[in-house]
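Okay, structure first, notes after.
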Amino acid sequence: LVRCVLEHQGFIRKGYYFKDLQSDLNKAFRSKVNTICYYENERTSLVDDIIEALQNNLPVEIGFTRKGNKSGHAVVVIGYQESNNSVSFFCLDPGFDLPKGQFWNNILQVDTDSTAKYNCLNYQEESVVTIDELLLIEPK
């Protein structure tokens, strides 16, 4: 994968989009994995897709966009907890250190009752975000 990225992409300055990552993973590991991208406008609920993947022990990478800012970010979701009107996703966030003794370093809490686009609280940045996309990696 590193060779594929370095030889074909070079230094990436403007983000590494999930479609590009999907293509590179499929090239580098075509006999081992299958990757699937979902985008917010293509699916009724990315939250349900994320939960289903986690229940099937599949790695889930999600992309989110910050409210009032055109910038986005990607994290790996490693677990979740549901409550009455929200879902908390426990994430590995490359933008922050992993605290000693913890398995995750960020939590995204989605208000599942909200109809607003930005219905997710990013605990690490104390900001409101929307989950835009997800990448699933399935073994063949």
Side-chain angles (χ1 to χ4, degrees):
L1 178 62
V2 171
R3 186 178 73 222
C4 183
V5 170
L6 293 177
E7 288 178 3
H8 301 291
Q9 301 286 340
F11 185 65
I12 301 164
R13 290 184 176 269
K14 295 186 178 181
Y16 191 39
Y17 296 96
F18 279 16
K19 281 289 186 191
D20 296 330
L21 179 57
Q22 177 187 26
S23 176
D24 289 344
L25 285 169
N26 285 339
K27 286 178 195 167
F29 301 105
R30 82 175 53 105
S31 66
K32 304 270 186 217
V33 299
N34 182 43
T35 58
I36 304 163
C37 276
Y38 293 129
Y39 293 92
E40 180 256 339
N41 58 352
E42 300 171 342
R43 307 291 286 180
T44 55
S45 174
L46 290 180
V47 170
D48 293 339
D49 293 325
I50 295 166
I51 290 172
E52 182 180 342
L54 291 170
Q55 289 173 341
N56 290 319
N57 293 316
L58 296 176
V60 183
E61 184 170 357
I62 63 169
F64 62 82
T65 303
R66 297 168 182 98
K67 184 177 183 178
N69 189 338
K70 296 196 185 279
S71 70
H73 189 52
V75 297
V76 176
V77 181
I78 62 169
Y80 72 99
Q81 180 178 356
E82 292 181 279
S83 62
N84 290 341
N85 60 349
S86 69
V87 176
S88 297
F89 291 118
F90 303 101
C91 306
L92 291 173
D93 189 328
F96 300 95
D97 290 333
L98 187 63
K100 189 174 183 175
Q102 271 190 226
F103 295 109
W104 63 86
N105 61 354
N106 198 358
I107 297 173
L108 299 179
Q109 185 176 11
V110 180
D111 180 351
T112 54
D113 288 343
S114 174
T115 58
K117 179 177 181 178
Y118 295 92
N119 67 337
C120 185
L121 176 63
N122 176 350
Y123 274 81
Q124 205 46 282
E125 296 177 4
E126 297 179 359
S127 63
V128 180
V129 301
T130 185
I131 297 174
D132 300 309
E133 56 190 340
L134 71 99
L135 178 72
L136 299 178
I137 303 168
E138 301 175 328
K140 284 191 174 181

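Throughout, residue positions are numbered sequentially from 1 according to the sequence presented.
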From Leu136 atom CG to Tyr38 atom OH, the distance as rounded to the nearest 0.5 Å | 6.0 Å
So if you build clusters from Ile, Leu, Val, Met, Phe, Trp, Tyr with side-chain heavy-atom gaps below 4.5 Å, do Leu54 and Val87 land together?
-> yes
Could you tell me which non-hydrogen atom of Val129 sits nearest to which non-hydrogen atom of Phe64, and how far apart they are?
-> CG1-CD1, 3.5 Å
Answer yes if Trp104 and Leu58 sit in the same cluster of Ile, Leu, Val, Met, Phe, Trp and Tyr residues linked by side chain heavy atoms under 4.5 Å apart, and no otherwise.
-> no
Return the minimal non-hydrogen interatomic distance between Tyr39 and Lys19, and the atom names on each side.
-> OH-CG, 2.9 Å
Report the distance from atom CG of Leu134 to atom CG of Leu46, rounding to the nearest 0.5 Å.
-> 5.0 Å
Heavy-atom count around Gln102 CD within 6.0 Å, excluding the residue itself: above 12?
-> yes
Can you name the nearest heavy-atom pair linking Phe96 to Asn105, along with the distance?
-> O-ND2, 2.7 Å
Nearest-0.5 Å distance that lies between atom CG in Leu135 and atom CD1 in Ile62 | 11.5 Å
Nearest-0.5 Å distance, CD1 of residue Ile107 to CZ of residue Phe90 = 5.0 Å
Which heavy atom of Leu25 sits nearest a heavy atom of Ile137, and at what distance?
-> CD1-CD1, 4.1 Å
Hey, what do you get for CD1 (Ile51) to CD (Glu82), rounding to the nearest 0.5 Å?
-> 4.0 Å
Could you name each residue pair satisfying salt bridge (Lys or Arg N to Asp or Glu O under 4.0 Å) that touches residues 130-140, not counting sequence neighbours?
-> none
OG1/Thr130 to CG/Asn122 distance, rounded to the nearest 0.5 angstrom?
-> 12.0 Å
For residues 71-81, dump all side-chain donor-acceptor pairs below 3.5 Å to protein atoms at least two apart in sequence or in another chain.
| residue | atom | partner | partner atom | Å |
| --- | --- | --- | --- | --- |
| Ser71 | OG | Arg66 | NH1 | 2.9 |
| Ser71 | OG | Asn69 | OD1 | 3.1 |
| Ser71 | OG | Asn69 | ND2 | 3.3 |
| His73 | NE2 | Asp93 | OD1 | 2.6 |
| Tyr80 | OH | Gln55 | NE2 | 2.9 |

Is the number of heavy atoms from other residues, nucleotides or ligands within 6.0 Å of CG (Asn85) greater than 12?
-> yes
Would you kindly confirm whether Leu21 and Phe29 end up in one hydrophobic cluster when ILVMFWY residues are joined by side chain heavy atoms under 4.5 Å apart?
-> yes
Taking all non-hydrogen atoms of both residues into account, name the closest pair between Tyr123 and Asn106 and its distance.
-> N-OD1, 3.7 Å
